[in-house]
Trainee: 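Pasting in a structure now, in structure tokens, and then I'll have a few things to ask.
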Amino acid sequence: MEIARRSLERWLGRSDVVGAEAERTRIFRGGGGGRKGFAAIRGKLARADRRGKVLLIGFDSGQGFLSHLGMTGKWVRREGVAEPYSRARLHLADGSVVHYRDPRLFGRIETHPAGVLESLPAVAALGPDPWLRPPTGRSLREALGSSRVPIKVALMDQNRLAGLGNIHAAEALWRAKIHPGRPARSLTPAEWSRLANAIRRGLAYALAAEDSEEIAYVEEPGTENPFRIYARAGEPCRRCGTRVRLLRQAGRRTDFCPHCQPARRSSR
DNA sequence: TGACCCCTGGCC
DNA sequence: GGCCAGGGGTCA
């Protein structure tokens, strides 16, 4: 999402929006001005912000929109209007077209005045963003530590901590050597501290490694799995060589190393 | 908390 | 043809 935010900031920042279109799809479900509101967008970029997985985009016209990418959403810049699964388009003064592309239609766009975006309930309810405010062991425990739910599930609860998804939650737990099924409130101060570190390092690593023009999703042709643990079940752990195992938590896969991330705290 | 739903595509 | 997939919402 941060890569998507930077892309939009770069593209819209150097060329104004002179026209817009939106297909009639469920992307525009939810509140606000809907697809008609989106199609009316014009002007110079005034803000390109992000809270967790939600992008907040505003223009000097006072118009704005919120964008959530779901699982397969993507903002891309093209020279023309031909783009598979393009659901919405911003036409820029330089002749290029910024498309919102989303095959599965799990993403969402809502149009609202630029100034009210963060007061929308869906945005206001979000927990702290670990990229904007790097977590410490203490802050993380304050955000998640009262919960009995498995730490992996707690990490993905956007109202507790906003921005980590399935991949980065699994990556952080592997880096921190914490079993994903541990109840959040059973973590020790040392573990909270390791986890905070792991989140900070994981995000920095992902952004440094993948800051390109577009988001690259794992399954795209020609891309190797760039993650340390995610989707590596059955392979040897990259740290200890133990066979990576697979759990299912809250309907999501969790890859973990049973040796590095033991279910019970070691007594050592 | 788990089951199911929303969608389409890729892989076996 | 069946199963799986980054997200989130709803229901019992």
Trainee: Determine the contact category for A:Arg108: base if any of its heavy atoms lies under 4.0 Å from a base atom, sugar-phosphate if only primed atoms, P, OP1 or OP2 are that close, otherwise nothing.
Mentor: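 No contact.
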Trainee: Measure centre to centre between the rings of A:His179 and A:Phe256, then say whether the value is under 6.0 Å.
Mentor: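 Ring-ring flag for A:His179/A:Phe256: true, centres closer than 6.0 Å.
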Trainee: To the nearest Å, give me how far apart CD (A:Gln249) and P (B:dG2) are.
Mentor: 9 Å
Trainee: I'd like to know if A:Lys53 pairs up with A:Asp129 as an ion pair, taking the criterion as any Lys NZ or Arg NE/NH1/NH2 lying under 4.0 Å from an Asp or Glu carboxylate oxygen.
Mentor: no
Trainee: Which heavy atom of A:Trp174 sits nearest to which heavy atom of A:Cys237, and what is that distance?
Mentor: NE1-SG, 3.5 Å
Trainee: Take the protein atom CG of A:Leu105 and the nucleotide atom P of C:dG8, then report the distance between them rounded to whole Å.
Mentor: 16 Å
Trainee: Side-chain donor or acceptor of A:Arg252 under 3.5 Å from a matching atom on the base of C:dG8?
Mentor: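 When only heavy-atom distances are counted, A:Arg252 does reach the base of C:dG8 through a donor-acceptor pair under 3.5 Å.
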Trainee: Just how far, in rounded Å, is P of C:dC4 from CE of A:Met71?
Mentor: 13 Å
Trainee: Rounded to whole Å, please give me the gap between NZ in A:Lys74 and C1' in B:dC7.
Mentor: 17 Å
Trainee: Under a 3.5 Å cut-off for both distances, is B:dA3 Watson-Crick or wobble paired, and to whom?
Mentor: C:dT10
Trainee: According to a strict under-4.0 Å criterion, is A:His68 in side-chain N/O contact with OP1 or OP2 of C:dG8?
Mentor: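 It does, given that an N or O in the side chain of A:His68 lies less than 4.0 Å from OP1 or OP2 of C:dG8.
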Trainee: With a non-hydrogen cut-off below 4.0 angstrom, is A:Arg248 in contact with a base, only sugar-phosphate, or nothing?
Mentor: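 Contact class for A:Arg248: sugar-phosphate only.
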Trainee: Do A:Arg104 and C:dA5 have a side chain to base donor-acceptor pair shorter than 3.5 Å?
Mentor: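 Under the 3.5 Å cut-off, the side chain and the base do form a donor-acceptor pair.
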Trainee: To the nearest Å, how far apart are A:Arg26 CZ and B:dT8 P?
Mentor: 10 Å
Trainee: CG of A:Leu246 versus P of C:dC4: gap in Å, rounded?
Mentor: 10 Å
Trainee: Does A:Arg35 come within less than 4.0 Å of A:Glu23, counting only side-chain N to carboxylate O?
Mentor: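 Between A:Glu23 and A:Arg35 there is no salt bridge, as every charged N stays at least 4.0 Å from the carboxylate O atoms.
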Trainee: Rounding to an integer number of Å, can you tell me how far A:Leu164 CG sits from C:dG8 C1'?
Mentor: 16 Å
Trainee: Nearest to the side chain of A:Gln158, heavy atoms from C-beta on, is which of C:dG8, B:dT1, C:dG7?
Mentor: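 Between C:dG8, B:dT1, C:dG7, the one nearest the side chain of A:Gln158 would be C:dG8.
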Trainee: State whether a side-chain donor-acceptor pair under 3.5 Å links A:Ser96 with A:Trp11.
Mentor: no
Trainee: Write down the distance between CZ (A:Phe106) and P (C:dG9), rounded to a whole number of angstrom.
Mentor: 13 Å
